[in-house]
> 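Got a structure for you, questions after.
Counting convention: from 1, in listed order, for ligands and their atoms alike. All residue numbers in this chain count up from 1 along the given sequence. Just so you know, these numbers come straight off a predicted model, no measurement behind them.
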Amino acid sequence: MNILITGGLGYIGSHTVIECISNNHNVIIVDNLYNSSIEVLHRLNKFLNKDIKFYRTDMQNIVDFEKVFIENKIDAVIHFAGYKAVGESVKKPLKYYDNNIGITINLLKLMEKYNVKKIIFSSSATVYKESEILPLTENMPLGVTNPYGRSKLIIEDILQDIAHADNEFKVVILRYFNPIGAHPCGMFGEENNGIPNNLMPYIVKVAKGELEYLRVFGDDYNTKDGTGVRDYIHVVDLAAAHIKAIKAFDFESNVNIYNIGTGKGYSVLEIINNFEKATGIKIPYKVVERRGGDIGEYYADSQKAKKELNFETKYGILEMCTDAWNYEKGNN
Ligand code: NAD
Ligand code: UFG
């Protein structure tokens with residue numbers, strides 16, 4: 001297939017480009033380099049021994065964006081592009097609605113015009129309402145608490161509305177849990193400039209000595225050790241899920257939604273311990289107040305993706321830690 005990958009130079013996008021090309025798909029990347037660099041393209045070309053077609057295009061500009069559809073015959077789209085910082089979205093909601101929803105509408109208009117009817121969309125576990133019942137299955141109640149999450153939910157709804165109106169329009173929604181780690185080759189990983197918000201990017205900066213200690217946000221949650229529990233998934237496994245998801249375009253239902261996680265929850269303290277075990281580096285930490293808006297615990301029921309897509313994760317927590325650290329050491 002000819003697959004258009006929006007946001008293809010970003011963290012998850014770049015790993016998915018590798019999976020697509022390794023599975024003999026042809027890839028066209030669109031990215032405006034808002035949160036990525038052209039070096040990623042050079043590395044992808046080198047690693048894959050290819051000359052991948054790339055458009056440095058802001059998808060908000062539909063005139064520029066249309067060139068991609070004029071110049072290529074696209075069979076399917078994997079749509080990663082968007083902003084993703086939860087905290088910033090609370091402060092600048094319009095920026096998030098404008099970009100995340102705006103570029104999706106431009107994409108969908110062009111898909112309609114050029115008769116492209118298959119899309120895989122990057123959604124998030126953040127669309128689920130806080131639940132005492134775990135693991136989270138795909139049909140559990142939805143509810144969001146920040147504009148980033150709401151932009152994901154609105155896009156899920158828009159996609160489903162289009163699919164209901166057009167039976168040939170095939171939508172696969174993947175709700176990612178917490179992707180961490182990096183490609184084992186050490187050439188691809190998460191951009192990590194400035195002070196990180198997320199756990200693993202923060203830990204690797206502490207390991208490097210650039211930050212003094214990790215702040216553990218609360219140890220009084222109702223969890224195994226009081227600290228927050230999440231379902232961390234290796235980014236290479238997450239990328240591989242997109243190849244499996246292509247299968248769902250042929251399913252009878254034209255909307256298919258999957259959790260993409262491991263089904264296993266790790267606490268913050270367990271992540272610290274595993275990181276120390278994997279790398280031999282001690283991570284100093286202090287327990288501080290809970291972070292506003294955080295939920296104590298959630299993890300995926302990953303059975304639906306396993307049963308219907310034959311998707312299973314290959315990497316464990318130690319590999320997630322080792323690969324995150326290897327990338328941080330050699331880059332950033
Ligand atoms: P990322 O920021 O690394 O990648 C997104 C890419 O989109 C970047 O390269 C950026 O430059 C590009 N982009 C943004 N706006 C654009 C525009 N207007 N035009 C063209 N390109 C644009 O993010 P990621 O971690 O790879 O996440 C990919 C997707 O997965 C996002 O939609 C994100 O919301 C979703 N997601 C991520 C996580 C996570 O923890 N990383 C969790 C759940 C869902
Ligand atoms: N944490 C700390 N200290 C830190 C950073 C995080 O203790 O410096 C804790 C958090 O309190 C939480 C856990 O580590 O318990 C994970 O936090 P992250 O910030 O890494 O991830 P979140 O689960 O809060 O959110 C992430 C993304 C969202 C996405 C969600 C999907 O930031 O965009 O995963 O599940 F929607």
> Nearest to atom 24 (O) of ligand 2 by heavy atom, R291, K205, E297: which?
R291
> Identify, for atom 21 (O) of ligand 2, the protein heavy atom at the shortest distance, and state residue, atom and that distance.
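For this ligand atom, the closest protein heavy atom is N178 ND2, 3.2 Å.
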> Students should be able to answer this: which protein heavy-atom is nearest to atom 27 (C) of ligand 2, and at what distance?
N198 ND2, 3.9 Å
> Just heavy atoms, cut-off under 4.0 Å: does D31 contact ligand 1 by side chain, backbone, both, or neither?
both
> Atoms of ligand 2 less than 4.0 Å from V216 heavy atoms?
7 (O)
> Suppose I only count heavy atoms of R215 and a 4.0 Å limit; which atoms of ligand 2 are within that range?
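Going through ligand 2 atom by atom, the ones under 4.0 Å from R215 are 2 (C), 3 (N), 4 (C), 7 (O), 8 (O).
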> Linking I/L/V/M/F/W/Y whenever their side-chain heavy atoms sit closer than 4.5 Å, directly or via other members, would F80 and I233 fall into one cluster?
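Yes; I233 is reachable from F80 via cluster members.
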> At the 4.0 Å heavy-atom cut-off, does T57 count as touching ligand 1?
yes
> Among protein heavy atoms, which lies nearest atom 29 (C) of ligand 2, and at what distance?
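The protein heavy atom lying closest is S124 OG, 3.6 Å.
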> Distance to 0.1 Å, residue and atom name: give those for the protein heavy atom nearest to atom 5 (C) of ligand 2.
N197 O, 3.4 Å
> Which ligand 1 atoms does Y34 reach within 4.0 Å, using its non-hydrogen atoms?
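Those of ligand 1 that fall under 4.0 Å from Y34 are 11 (O).
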> Quick test of your reading of the structure: of Y232, F217, Y213, Y221, whose heavy atom lies closest to atom 13 (C) of ligand 2?
Y232
> Does even one non-hydrogen atom of Y299 get within less than 4.0 Å of ligand 2?
no
> Please state whether R175 comes within less than 4.0 angstrom of ligand 1, counting heavy atoms only.
no
> Can the positive tip of R290 be found less than 6.0 Å from the middle of the six-membered ring of Y221, inside 45° of the ring normal?
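Ring-cation test returns yes.
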> Would you say S123 touches ligand 1, if touching means a heavy atom closer than 4.0 Å?
yes
> Would you kindly check if the NZ (Lys) or CZ (Arg) of K95 is within the cone defined by 45 degrees around the ring axis of Y83 and under 6.0 Å from the six-membered ring centre?
yes
> Tell me which protein heavy atom sits closest to atom 30 (C) of ligand 2, plus the residue, atom name and distance to 0.1 Å.
Y298 OH, 3.8 Å
> Before signing off on this row, confirm whether I12 and ligand 1 have an N or O atom pair separated by under 3.5 Å.
yes
> Identify, for atom 12 (C) of ligand 2, the protein heavy atom at the shortest distance, and state residue, atom and that distance.
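Nearest protein contact, heavy atoms only, for atom 12 (C) of ligand 2 is R230 NH2, 3.8 Å.
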> Under 3.5 Å, N or O to N or O, is Y83 touching ligand 1 that way?
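No - when backbone and side-chain N and O of Y83 are compared with those of ligand 1, no distance drops under 3.5 Å.
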> Side chain, backbone, both or neither: which part of E190 has a heavy atom under 4.0 Å from ligand 1?
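Looking at E190 and ligand 1, no heavy atom falls under 4.0 Å.
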> Take every heavy atom of L33, measure it against each atom of ligand 1, and state whether any distance is under 4.0 Å.
yes
> Pull out every atom of ligand 2 sitting under 4.0 Å from any heavy atom of Y148, numbered as shown with elements.
33 (O), 36 (F)
> Under 4.0 Å, heavy atoms only, figure out whether ligand 2 is touched by the backbone of M200, its side chain, both or neither.
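Under 4.0 Å from ligand 2, M200 contributes no heavy atoms.
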